[in-house]
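Below, all heavy atoms of this structure are taken into account, side chains as well, without hydrogens, waters or symmetry copies. Start at 1 with the first residue, then count along the sequence.
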Amino acid sequence: MRTQLFRGLLVIVVALTVAAPAFAQSILKGVVLDAQGKPIEGATIVMESTQAASRRIETKTNAKGEFLQIGLPSGAYKVTATKGPLTQTLQSQIRQGENRPLQFALAPGSGLSEEEKKAAAATAQAASEAIAAMQAGRDDEAIAKFNAILTTVPACADCLYNLGLTHSKKQDWTNAEDSFKKLLALRPDSADAYNGLANVYNAQKRFDEAIAASKKAAELAGPAAAGGGNAEAMYNQGVILWNSQKYAEAKTQFEAAVKADPNMALAHYQLGMAQLNLGQIPDARASFENYLKVDPNGPKAAEVKGYVAALPK
């Protein structure tokens, strides 16, 4: 799970070189960098037609800070880049084929009056202080600071996500659930929010709700996250099913998790435990052996070695 979503002052620059496909489709492309020129993952890019009110597309930057949108219908669009409380909107005339790369300068004060610049800078500072309090374990202080930001920036999705995490850490499940649900009201496609809810429900033994939330998180993570986020979501769903004593279904999720990410040691361990409870002894032994291959000195290594020694092949 993420513990830091604000990254201080941001600068977004868009400039990708992608070969156009042979057929005519519009291409809008870009890359998001911070003030030090490092890529920003997870910046939100929203493309909204100024001619068709229902035409709205949203994407996010990848681990390299890049984004690419293919197939927008021709017309005038406003394109907005957002990270934390910082945002900027540019106009773009989309045509079929490759379009002019956009350049965003996303920092406190971009395109604002002097008074607005001061307010944006104050918000960025407050966000930095809230994260610092959160990382230092000063949970009540972090909660107060995130709530203060929300009074002036109600659409601060990162504030709501971090509030959910902090309330969960305090085992304040009511406020944690409320924070993640408010995040979903802003970002209905937030896999992080559904993962947060899954953890909240699991801790309260509301297993059916936890399973549904975790399943939704896995769906939203999608195949593109198969090397990481999707495997984690499937593993989390397996744990919830395991806790509700649905061992066969848990096994299916753990199998999917190790397929998506063969280096997830705990998924191999939990798969072995599920197989053991289902009486699939040789399979359980093989899963425990895979755990030892991936993490021979891991926290479960001593326990797993005992299983491997005791179980028949």
Approximate separation, where rounding is to 0.5 Å, of [X] [atom1] and [Y] [atom2]:
| X | Y | atom1 | atom2 | result |
| --- | --- | --- | --- | --- |
| E48 | E58 | CD | CD | 9.0 Å |
| I149 | E129 | CD1 | CD | 8.5 Å |
| S287 | D283 | OG | CG | 6.5 Å |
| L165 | S179 | CG | OG | 9.5 Å |
| I57 | Q69 | CD1 | CD | 6.0 Å |
| N195 | N202 | CG | CG | 11.5 Å |

Do F146 and I131 pass the side-chain contact (heavy atoms from CB on, under 4.5 Å) test, and can you show the C-alpha distance, the side-chain angles, and the key distance before you say yes or no? CA-CA 9 Å; F146 285 127; I131 288 296; 3.9 Å; yes
Before we go on, tell me: are the rings of F254 and Y235 under 6.0 Å apart, centre to centre?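 Yes, they do, as the ring centres are separated by less than 6.0 Å.
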With side-chain contact (heavy atoms from CB on, under 4.5 Å) as the test, would you mind laying out the steps for K251 and L278 before giving the verdict? CA-CA 9 Å; K251 173 195 164 189; L278 292 169; 3.8 Å; yes
Do side-chain atoms of [X] reach the backbone of [Y] as a donor and acceptor pair under 3.5 angstrom?
| X | Y | answer |
| --- | --- | --- |
| T166 | N162 | yes |
| D261 | A257 | no |
| N147 | I143 | yes |
| T151 | A148 | yes |

Can you sort out the partners of Y247 under ring-ring contact (aromatic ring centres under 6.0 Å, His included), two or more places apart, ordered by chain and number?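 In terms of ring-ring contact (aromatic ring centres under 6.0 Å, His included), with neighbours along the sequence ignored, Y247 is linked to W242.
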Same cluster (ILVMFWY, side-chain, under 4.5 Å), [X] and [Y]:
| X | Y | result |
| --- | --- | --- |
| I45 | Y77 | yes |
| L241 | F207 | yes |
| V153 | V46 | no |
| F180 | L184 | yes |
| Y201 | W173 | yes |

Any idea which heavy atoms bring [X] and [Y] closest together, and the distance?
| X | Y | value |
| --- | --- | --- |
| M134 | A142 | N-CB, 3.7 Å |
| K83 | A43 | CD-CA, 4.2 Å |
| G272 | A284 | O-CB, 3.5 Å |
| S190 | L183 | OG-CD2, 3.8 Å |
| L186 | P154 | CD1-O, 4.0 Å |
| A250 | G238 | CB-O, 3.5 Å |

So, [X] and [Y], do they make that salt bridge, N to O below 4.0 Å?
| X | Y | value |
| --- | --- | --- |
| D158 | R187 | no |
| D140 | K170 | yes |
| E289 | K293 | no |

Stepwise salt bridge (charged side-chain N to carboxylate O under 4.0 Å, His left out) check, K259 with E255: CA-CA 6 Å; K259 183 177 180 180; E255 286 174 334; over 6 Å; no
Take K246 and I211, measure what side-chain contact (heavy atoms from CB on, under 4.5 Å) needs, and give me the verdict at the end. CA-CA 11 Å; K246 297 179 179 180; I211 291 167; 4.1 Å; yes
Are the side chains of [X] and [Y] in touch, meaning some heavy atoms are under 4.5 Å apart?
| X | Y | value |
| --- | --- | --- |
| V200 | S168 | yes |
| K215 | Y194 | no |
| V258 | N290 | no |
| D178 | H167 | no |
| L150 | L163 | yes |
| K300 | M273 | no |

Output every pair passing ring pair (Phe, Tyr, Trp, His ring centres under 6.0 Å) with a member in residues 255-298, not counting sequence neighbours, ordered by first then second residue.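 Sorted result for residues 255-298: F288-Y307.
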Hey, mind stepping through L311 and L276 against side-chain contact (heavy atoms from CB on, under 4.5 Å) and telling me if it holds? CA-CA 10 Å; L311 295 175; L276 199 60; 3.9 Å; yes
